[in-house]
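Every heavy atom of this structure was used, including side-chain atoms; hydrogens, water molecules and symmetry mates were not.
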Amino acid sequence: MTGLGAYPVGGLGPAGVRDAVARWLGLVAADAELAPYLIGVDQARLAGHLALTLTVALGGPAGDIARPAAGAWRGLGLTEAHHRRVVDYLAGVLWALDVPAGAMAAARRAFADEAGS
């Protein structure tokens with residue numbers, strides 16, 4: 001993944017961001033209503049986009065691209081309610097990892113902005 005240098009990101013660091021994204025995708029995949037949206041999706045690529053967007057949202061560097069891969073959930077056909085649920089799963093993962101409240105709010109905003117796009 002690009003953009004994940006040796007920087008502390010929201011208290012997680014690059015490995016922590018990757019772990020958070022893996023946990024997040026695991027929760028989405030385990031959700032009976034959300035799992036069908038992941039059928040046929042290149043999950044490694046999705047994870048890379050999510051990790052980069054999360055890294056930037058948590059104050060880390062954007063790496064070798066001009067802007068984060070915003071819209072990683074776009075194009076999957078999520079309803080607005082399902083998108084909110086995906087973002088809620090992210091918040092739960094970040095909370096469980098003791099990410100500071102301000103960083104968690106920034107991450108929620110970064111992904112909530114995708115809704116309706």
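- Contact between Ala107 and Leu94 at its shortest, heavy atoms only, is CB-CD1, 3.6 Å.
- Ala106 pairs by the side-chain contact (heavy atoms from CB on, under 4.5 Å) definition with Arg109, not counting sequence neighbours.
- Considering only residues two or more places apart in sequence or on other chains, Arg45 meets the salt bridge (Lys or Arg N to Asp or Glu O under 4.0 Å) condition with none of them.
- Scanning all heavy atoms of the two residues, the minimum distance from Ala47 to Leu25 falls at CB-CD1, 3.7 Å.
- Between the His82 side chain and the Gly77 main chain, no donor and acceptor come within less than 3.5 Å of each other.
- At a threshold of 4.5 Å between non-hydrogen side-chain atoms, the residues Val21 and Leu46 do not count as touching.
- Rounded to the nearest 0.5 Å, atoms CG (Asp88) and CG (Leu27) are 11.5 Å apart.
- Minimum heavy-atom separation, Ala91 to Arg108: CB-NH1, 2.9 Å.
- In this structure, Thr53 OG1 and Phe111 CZ are separated by 4.5 Å, a value rounded to the nearest 0.5 Å.
- Considering only residues two or more places apart in sequence or on other chains, Ala32 meets the side-chain contact (heavy atoms from CB on, under 4.5 Å) condition with none of them.
- Annotation for Leu54 and Ala20: closest pair CD2-CB, 4.3 Å, computed over non-hydrogen atoms.
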Criterion side-chain contact (heavy atoms from CB on, under 4.5 Å) on Leu34 and Leu38, from CA distance to verdict | CA-CA 7 Å; Leu34 298 175; Leu38 297 177; over 6 Å; no
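- For residues 23-32, the set of pairs meeting the side-chain hydrogen bond (donor to acceptor under 3.5 Å, both in side chains) definition, not counting sequence neighbours, comprises Asp19-Arg23, Asp31-Arg85, Asp31-Tyr89.
- With Tyr37 as the partner, the side-chain contact (heavy atoms from CB on, under 4.5 Å) test is satisfied by one option alone out of Thr79, Val28, Val86: Thr79.
- Gln43 meets the side chain to side chain donor-acceptor pair (under 3.5 Å) test with no other residue; sequence neighbours excluded.
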